[in-house]
Amino acid sequence: MSQEMSGAQIVLKALVEQGVDTVFGYPGGATLPIYDELFQQNSIRHILVRHEQGAVHAAEGYARSTGKPGVVLVTSGPGATNTITGLVNALMDSTPIVCLTGQVHTHLIGNDAFQEADVVGITRPCTKHNYLVKQTNDLARVIHEAFYVAVNGRPGPVVVDIPKDVQIATGRYEGPSKTGHRSYKPRVKGDAQAIRDAVAMMQEAKKPILYTGGGVINSGPAASRLLRELVELTGFPITSTLMGLGAYPASGKNWLGMLGMHGTYEANMAMHDCDVMVCIGARFDDRITGLVEAFAPDARIIHVDIDPSSINKNIAVDLPIVGDVGHVLEEMVRIWRAKSGTDMEAQIAGWWKQIKGWRGRDCLSYTPLKDEIMPQLAIQRVMELSRGKDTYFTTEVGQHQMWAAQFLEFEEPNHWMTSGGLGTMGYGLPAAVGVQIAHPDALVIDIAGEASIQMTMQEVATAVQYRLPVKVFILNNRFMGMVRQWQELFHGSRYSQSYSETLPDFVKMAEAFGATGIRASKPEELDAAIQRMIDTDGPVIFDCVVHKVGNVYPMIPAGEPHNSMMLGTDAENLEPVGR
Amino acid sequence: MIKEQILEKHTMAVLVDNEAGVLARVVGLFSGRGYNIESLTVSETEHQAHLSRITIVTNGTPMVITQIKAQLERMVPVHQVWDLTVEGPYIERELALVKVKGRGEMRVEALRLADAFKARVVDATIESFVFELTGKSRKIEQFIALMKPVGLVEVTRTGVVAIGRGSEGL
Ligand SMILES: Cc1ncc(C[n+]2csc(CCOP(=O)(O)OP(=O)(O)O)c2C)c(N)n1
Ligand SMILES: [Mg+2]
């Protein structure tokens with residue numbers, strides 16, 4: 001049965017029917033009719049951010065920590081253009097977002113009207129798909145379709161641009177289509193023969209490795225359970241990209257740590273030397289492969305991905321399987337069980353011995369200082385003192401992000417939100433806001449850098465307004481540390497524009513926002529201060545003053561092969577260490 | 001060191017929803033990812049179903065060609081993509097309108113050549129012709145080259161359209 005109602009009412013009704021409970025947004029002229037409807041209902045909670053970029057990142061935090069799409073509502077022109085960084089971030093990290101933007105009246109489109117921007121034009125390459133709705137009668141269908149596109153296949157952001165007159169005019173409401181989409185039908189089930197071939201190839205391996213990514217997390221909690229089962233069954237070593245951390249627990253005995261530019265020695269060496277590589281829900285990004293020509297020279301590669309365009313993009317693989325990770329893993333586990341006869345443990349015992357040798361390098365070790373806090377130590381203490389709590393970590397971008405990835409121990413999926421593909425400074429705080437909204441009782445910590453946090457720090461006000469007890473833990477090295485590290489290593493230590501000359505007093509800043517400020521600068525005061533942060537029932541900004549010039553190791557310089565890694569211990573002479 | 005890679009030329013047919021912006025999406029994909037477009041044509045082919053067909057001639061390494069197909073296929077308004085070069089024998093045609101100006105011997109020669117190429121005269125004045133020519137791109141290029149010495153003024157070409165041979169539809 002169709003009903004006549006205003007476009008703004010249609011928007012709200014469609015959101016409710018899609019199961020949306022929260023919208024992150026910021027009002028303006030072109031969304032006033034929708035805001036007026038929001039005011040008159042109680043089903044959907046609106047979280048008022050302080051910048052539209054923050055709205056998208058918050059929605060991303062919400063989405064990544066719940067598996068549900070995040071929803072954004074912003075006005076036309078500057079409201080919409082402010083979302084661009086967030087949209088691209090969500091596109092690169094395959095996060096489902098539905099972003100509703102207000103637009104000027106349809107008769108004004110193209111006339112350079114006040115606060116007009118060509119939003120579908122600008123966001124076309126920033127989104128998985130986008131729509132301009134010109135008729136109120138199309139509105140409900142398009143919004144439902146936007147949710148379908150955002151969550152199905154490889155997830156991503158979808159923009160729906162809604163002119164103001166379309167919000168005001170009345171039209172028909174219709175529910176979601178029962179028949180799916182007329183052209184977008186992503187393949188979910190993997191090819192049965194390909195999966196059997198994959199299992200056969202895996203059973204022949206002498207030096208196997210599982211290389212997993214964000215696709216495992218995106219596929220849902222069942223995929224992580226099945227991955228754990230597969231590791232248990234096969235006994236294979238496993239490593240993961242930055243985006244996939246938590247799918248397999250850090251405490252698991254087969255865990256090699258993260259791989260890639262700042263991955264562990266054992267993970268990268270095993271990737272280089274393996275004979276069968278099983279890539280599951282990852283995409284051979286350049287931060288993972290290093291020099292493509294020298295990538296895993298002896299490996300036969302199996303690649304499972306829901307997006308066919310990820311396959312053979314950077315690395316030619318031997319056995320592609322297009323499908324949802326969860327489905328493919330389920331089949332792999334089933335077939336492996338039915339076929340197991342080989343003594344896999346004996347077959348790969350030599351491999352494990354080799355890996356244990358690499359582990360022995362203890363590649364993440366660092367030298368603690370007596371008078372100064374090493375950033376690695378600070379992260380280890382945060383980890384230790386938050387253990388046993390339901391803790392979610394977000395990060396900004398830089399050295400602190402890499403140390404967080406290396407030193408935090410992720411046991412569960414959906415508990416780690418970081419900007420991987422785009423590397424967006426300013427992501428962590430708004431993402432933490434979104435996570436805390438979705439998990440009000442959890443401990444949510446943003447591991448931040450003093451430079452990154454200044455990109456979106458106005459969102460502390462959002463946290464204070466909604467009593468969100470997020471903890472911003474700043475590793476304050478007074479440098480754009482990651483930039484400084486590259487300048488040290490590759491530009492003759494000329495620290496061009498990477499020193500934070502004038503920093504705000506973060507403790508006073510916290511207080512100015514109505515949050516709690518804490519500072520620690522000596523190793524001996526660290527634990528008590530972190531404990532105070534955790535125990536504080538409200539938002540905290542923690543200024544952790546750390547050693548200025550620490551570097552993140554191991555490091556594979558960009559464009560180098562996996563086995564030419566720089567380790568912390570021989571960092572002084574900067575000689576790549578191979579075997 | 002940059003490795004020498006062999007570039008292959010492929011003709012693809014893309015069936016899309018005939019909706020606003022769909023061509024911009026396809027063109028944006030090519031420019032954004034640095035793929036080549038040698039020719040691109042588009043027109044609505046099924047009015048009732050709101051479907052348009054795009055024919056793209058592109059070139060790239062085999063890996064890039066597979067990428068292009070996969071990238072096109074995952075676009076939301078794209079129904080189907082056929083790589084005609086891979087999927088079997090097909091016919092490629094292009095239409096050109098060619099304006100030639102001249103008098104006397106030149107004019108006669110232009111007409112004789114046009115006749116040899118089976119080009120039609122679609123406009124004529126005392127001192128000019130407009131020829132209409134269809135055929136493979138190579139044939140059109142040859143014709144244009146021959147028209148140069150006899151008074152070529154202007155050329156417009158549609159770009160390539162293509163269809164599979166035989167009784168089966170795509
Ligand atoms: C929006 C944005 N601008 C610039 C960069 C480039 N960049 C990468 S890391 C970094 C420095 C980050 O400094 P800080 O937040 O203090 O973290 P640290 O590396 O010191 O831990 C910069 C400028 C970026 N990633 N994002
Ligand atoms: Mg810093």
Side-chain angles (χ1 to χ4, degrees), chain A residues 88 91 94 106 109-110 118-135 138 142 145-146 148-150 152-159 161 180-187 283-284 291-294 305-317 320 322 559, chain B residues 1-6 8 10 12-35 44-54 58 60-83 86 170:
Chain A
V88 180
L91 183 70
S94 309
T106 43
I109 290 178
D118 174 9
V119 171
V120 283
I122 295 169
T123 62
R124 200 174 286 128
C126 309
T127 53
K128 182 173 173 185
H129 197 53
N130 63 14
Y131 303 85
L132 169 63
V133 186
K134 287 188 166 166
Q135 306 280 339
D138 294 336
V142 169
E145 196 179 308
Y148 175 87
V149 170
N152 282 283
R154 179 175 177 177
V158 177
V159 162
D161 200 26
H181 193 272
R182 68 189 227 115
S183 55
Y184 187 67
K185 301 179 177 91
R187 180 175 185 142
R283 60 186 176 88
F284 298 93
L291 181 66
V292 167
E293 286 76 18
D305 205 299
I306 197 159
D307 178 3
S309 78
S310 285
I311 287 169
N312 290 329
K313 181 168 63 182
N314 304 324
I315 297 286
V317 301
V322 175
Chain B
M1 202 182 71
I2 293 162
K3 272 197 292 186
E4 275 297 324
Q5 297 250 36
I6 303 147
E8 292 177 1
H10 282 242
M12 297 192 191
V14 189
L15 196 65
V16 299
D17 275 332
N18 182 16
E19 62 181 33
V22 67
L23 186 59
R25 277 179 218 288
V26 171
V27 172
L29 170 73
F30 276 73
S31 65
R33 293 187 182 264
Y35 306 145
E44 190 173 70
T45 48
E46 286 174 61
H47 185 66
Q48 293 298 308
H50 287 285
L51 291 175
S52 288
R53 177 154 160 158
I54 303 176
T58 182
T61 62
M63 214 155 144
V64 167
I65 297 288
T66 344
Q67 257 303 293
I68 292 176
K69 183 159 185 275
Q71 292 286 356
L72 285 168
E73 271 166 344
R74 72 174 187 153
M75 296 179 85
V76 173
V78 169
H79 287 254
Q80 224 169 332
V81 183
W82 298 276
D83 185 338
V86 170
L170 285 176

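Side chains included, hydrogens not; waters and symmetry mates left out as well; all remaining heavy atoms used.
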Mutual orientation of the aromatic rings belonging to B:H47 and B:H50 [parallel < 30°, tilted 30-60°, perpendicular > 60°]: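 If you compare the ring of B:H47 with that of B:H50, the planes turn out tilted.
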
Atom group of B:E19 that falls short of 4.5 Å from chain A, counting heavy atoms: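 Side chain of B:E19 only, per the 4.5 Å heavy-atom cut-off to chain A.
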
Heavy-atom contact with chain A under 4.5 Å, split by part of B:V76: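 When you check distances to chain A, atoms from both the backbone and side chain of B:V76 fall under 4.5 Å.
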
Inter- and intrachain pairs under salt bridge (Lys or Arg N to Asp or Glu O under 4.0 Å), touching residues 66-81 of chain B, at least two apart: A:D307-B:R74, B:K69-B:E73

Chain B contact via [X] - which portion, at a heavy-atom distance below 4.5 Å:
X	result
A:R182	both
A:L132	neither
A:N314	backbone
A:I315	backbone

Side chains of A:N312 and B:T66, donor plus acceptor under 3.5 Å: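 Distance-only check fails for A:N312 and B:T66.
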
Modelled atom types, side-chain donor and acceptor of A:Y184 and A:E145, under 3.5 Å: no

Set of side-chain contact (heavy atoms from CB on, under 4.5 Å) partners for B:T45, sequence neighbours left out: B:L15, B:R53

